[in-house]
Amino acid sequence: MTAQPTPSWRLPDLPSQTRLPARRCGPAPRRLPALLAAGAVIACAAAPTSAAGPTAGTAPQVDVARLDYGLRARSLAPGAWVVEGANADFAVANGCNIINTGFFSTGAGVVVVNTGTSRLYGEQLRALIQSTTPEPVVQVIHLNLHPDYFLGNQGFADRPRLATALTAAGIAREAAAYETNLFRLCGDWMKGTETRAPDQVLQVPTEGRRWAVGQRRFELHELAGHTDSDLVLIDRASGVAFVGGLVFADRVPTTPHARIPQWLRSLDRLSALLKEAGVKTVVPSHGPVHEGERGLAQTRRFLQWLDGGFTRWAQAGLDMNEVLRAPVPADIRALAAFDTEYVRNVAHLYPRYEQQALGGSARSR
Amino acid sequence: MPSAQLKSTCRATLSCIAAVLLCSWTAPVSAAGDVKPVRKTSKPAPSAAAEDPYEGDPFKSLPWGDMRREYLGGERAVFDERVTVRGPAFAEDPMNVPVTVSVVGLKDIERIVVLVDRNPIRRVLEYQPMTALPAVSFRFKLEQASPVRAAVRTRDGLWHVGGTWVDSAGGGCTVSGATRKDGSWTQTLGQVSARLFESSPATTEASPVPGGGAGAARLRLRVMHPMDTGLVGGIPAFYISRLSVRDAADRELLRLSTYEPVSENPVFSFDFPDRLAGGLRIVGTDNNGNRIDARLE
């Protein structure tokens, strides 16, 4: 990869300081559709989810009484850390911390990838970074619009926060509903949480772009399908990729904004990108950090199974309740958060298949 | 299980107003637990029902008695396991909560009424299966966590009641649907998509599903309609009120009365004991007198 002669951490060709309008901070209106769209990441009921699983060892030690997330920075390579959440569904017991965030030191300051689920998370993440590296935080980047990618921004309110135009627009649209629903699900963990929207717009051409910060030369790619804008951040030097919501490892994918055909195409593209860049360590937003394409293959398998099953069932005339009770292969049934997330998958996606099967076959007279 | 989950959530999160509200309304449930043993020790008397404010309701929901008087004509009702109501444990989308009612082993069924205790509008639909099987699936709008019930009237005048519990973040009845918001409902009002499936899917290997699998045919249909509840500011109630399916000889096969809580652009599934010939007609009207009339070849 060709290094760009930019000594600064700033984006060399960022249409610079494209400021977004500040989000109004009034009381959250009771707007349901937005809340529905938010639904996946946000459980309507936090049913108990088994903490056991392939990743139980990496889940942080949460102290609910002290509202301490117990965040730990695990080094993936020199200057690259991941901060792992539980591989589960939102629950008070896990602090609603189900996301993997991370940060890089660059020689010119720290780049933070996603800020977690609450003001408290953002503050505790900031403290963790300061105790891990002497470099100051210089930049925050959000990989998509879902709430645990940005609700910790109050911990980074004094730093520039970068997102694609689609992600920034999505956050502006959905933030109020996210706040309301996470307060309902997570309670005191959300105390004092208010959205600090991203304040810089990132433009990523189709072929991707390079982003130099200090000595690091990141690559950014904007794919889609999990949401309308799924950002992938690759650091060739350390062999680490943050693949955001495109990959779910050992966990049922969330689908409130999903478009499956597009998502599957993005997985093919991502596979090529990871190979081409020689990435060793893949950090998905949900589920364990892993080597190579294990999580990518799991996600592809899940989406293909869902797509095939929904198509077949819709063509057989199944109603949504029957789909919810239809047989599920054991490997998919074993994925974390299945009991709640699959109900959401069906609610989000089955109506499209259903409508395709019904078609327009009745003629109005 | 959902209520236990909510309670434990509440203990840790007293600041969460929504959760506290839900907790406070589950309180009668635990209080009712204390009532039960007392009833058991006393001799069952004709007045036992009067002493039990829940009238034997397994959900111990206080509105039940009023609902029986208002929607079931005050007639006698029994809780009956032959009437099953299936839904998801929680409403991911409170504007589209899937519900499947099926009745197995009851004869002489006149009609099925679906009621939701905690909805601002409790009556969801009334179904007369006529030649169809006593089973129907559809989606409805749920305002908050609630029992969802089906009451089945047999010809002897007795109501047989079954139900399930659906948890919800709430709000399904008090926001507009997508086609009302973007105004597109005016372009599609009353349009019907429908398809006849060769067998009720319960009988196929694709699915060991509810309904008993007795069906030889299933009709699924969607009618485009905003189904406004009247509970959104400035938008009066506007909903499909009647639907029926007729065969080529104009014989009525089934009849449905629908109310505000049925979801926008509703999708219904009906099962039939025998195969159906083509040439079905789907006819109906909404509360403004707009006609629905479509033919399925």
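Nearest heavy-atom pair, S193(B) versus Q355(A), reported as atom, atom and distance to 0.1 Å: OG-NE2, 3.3 Å. Of all non-hydrogen atoms in R325(A) and G87(B), the two that sit nearest each other are NH2-O, 3.0 Å. The nearest pair of heavy atoms linking R220(B) to Y350(A) is NH1-OH, 4.4 Å.
Heavy atoms closer than 4.5 Å to chain A are found in the side chain of R139(B), but not in its backbone.
No more than 12 heavy atoms of other residues, nucleotides or ligands lie within 6.0 Å of CZ in R291(B), so this atom counts as exposed by the packing criterion. Atom CD of Q304(A) sits in a crowded spot, with more than 12 heavy atoms from other residues, nucleotides or ligands closer than 6.0 Å.
A donor-acceptor pair is defined here as one N or O able to donate and one able to accept, closer than 3.5 Å; such a pair exists between the side chain of R218(B) and the backbone of G317(A). For the pair D319(A) (side chain) and S269(B) (backbone), a donor-acceptor distance under 3.5 Å is absent.
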Test side chain to side chain donor-acceptor pair (under 3.5 Å) applied to E322(A) and T100(B), step by step: CA-CA 9 Å; E322(A) 295 162 335; T100(B) 297; 5.7 Å; no
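A search for ring pair (Phe, Tyr, Trp, His ring centres under 6.0 Å) contacts involving F248(A) returns H226(A), H286(A), not counting sequence neighbours.
Look at E354(A) and R222(B) and you find no salt bridge, because none of the NZ, NE, NH1 or NH2 atoms lies under 4.0 Å from a carboxylate O.
Going from atom CG of D93(B) over to atom CE of M320(A) covers 8.0 Å, rounded to the nearest 0.5 Å.
At least one side-chain heavy atom of L324(A) sits under 4.5 Å from a side-chain heavy atom of P88(B).
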